[in-house]
Amino acid sequence: QLHHDNILRLINVKESSNAIYCLMDRAYGGTLFDLVSKWGVYPSKSIQAKERLSIIKRYTKDILSGLMYMHSKGIVHGDVKLENCLVTNKTSSGKILLCDFGMSLRFMNPIDSDEVTLPKNNTKIKRRPSIPRSYSGNSLKSPKSLLKIFSERSSANEDSKINTTTDNHQKAIGSVPDSPFSPKPFEYESKQLIDATLPHPHIGSLPYAAPELLESSPPPLGPSADIWAFGVLLYTMIVGKLPFQHSFEPRLRAMIAAGKYDTDCLEIAAQNNQELYETVVGCLTIDMNKRLNLGEVMTLIEGVNIQEDAQ
């Protein structure tokens, strides 16, 4: 259903008695997680700030382009993170491919009009009023045998997947003992609406999860969750570590719910680039109705000006 330059193609699917083979394009550059892990926490000796910010601008435009296409088709990715962004090659001509759509859902029909045209005589009739739809049970069409895999994968949200992702990030991206950008301690109040034990069925990876998905009665999964996750991804690319990370999961959930993260190191690592800073802050807004939309994010990213004297 999805055909875009920044989305990994599923070329063919072959099924045998004991396996399913998915033929896709090969991405020779690895994942963004591999790249950011190689860069390390800012400041880094492995890459100059100017080059780092230039790559971030180029790659995030690719990610945004792919997400905007998906949302225009009424589909939310549901698991935006560094590991799910493939780099086509290691040269300057490389681009990003979004992959791993096991958590993707329809949040609306691609064409959502108040009128419906009948095919026989082109008569237009009014659509029956309905509440906003979330096709959580009507996910992307796949071979029947894939559904079992996806359902098993959803059960991995019982934090086998979440803990692994968090640990990987902490070891590879955020664990520099004497980093000048160690997270500052902050006070937060535990919200009673936050359920610290049960994972939301639409949470792909907890460090990237939007705060509304952690509520005891979360709203349907929609584009705002992808925008929050993009903000987490962008912060991590700039700074070199996740904005929300803790080995104790209830504490991590409370940190996300409070929306508190280190903005000082973000400002320094972004080389005082206001557009980058505003993009992260606008995406990581607790109120989902006040978050930036993808169009606004793209405008800010396109306006990023990399200073020649970036250190």
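All heavy atoms count here, side chains included; hydrogens, waters and symmetry mates do not.
Partners of Thr91 according to the side chain to side chain donor-acceptor pair (under 3.5 Å) rule, which considers only residues two or more places apart in sequence or in another chain, are Asn89, Ser93.
A salt bridge links Asp25 with Arg9; the closest basic N to acidic carboxylate O contact falls under 4.0 Å. No salt bridge links Arg291 with Glu296; every basic N to acidic carboxylate O contact stays at or beyond 4.0 Å.
The two atoms that bring Asp79 and Ser205 nearest to each other are OD1-OG, 3.5 Å, heavy atoms only. The minimum heavy-atom distance between Trp39 and Arg52, with the atom names listed, is CE3-NE, 3.4 Å.
Using modelled atom types, one finds a donor on one side chain and an acceptor on the other under 3.5 Å when comparing Gln271 with Tyr42. For the 3.5 Å distance criterion, the side chains of Thr31 and Asp34 qualify, holding a donor opposite an acceptor.
The backbone N or O of Phe230 lies less than 3.5 Å from no partner atom in the side chain of Tyr235, so there is not a single donor-acceptor pair. Under a 3.5 Å cut-off, the side chain of Asn6 and the backbone N or O of Ile63 do not form any donor-acceptor pair. For the pair Lys57 (side chain) and Val304 (backbone), a donor-acceptor distance under 3.5 Å is present. No donor-acceptor pair under 3.5 Å is formed between the side chain of Thr88 and the backbone N or O of Ala27. Looking at Thr285, its side chain does come within 3.5 Å of a backbone N or O of Gly282 through a donor-acceptor pair. For the pair Lys95 (side chain) and Asp5 (backbone), a donor-acceptor distance under 3.5 Å is present. The main-chain N or O of Lys38 is found under 3.5 Å from a side-chain atom of Ser46 such that the two form a donor-acceptor pair.
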Would you check, one step at a time, whether the test side-chain contact (heavy atoms from CB on, under 4.5 Å) holds for Asn273 with Leu53?
-> CA-CA 10 Å; Asn273 192 299; Leu53 294 179; 5.5 Å; no
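Between Phe244 and Trp228, the gap from one ring centroid to the other is short of 6.0 Å.
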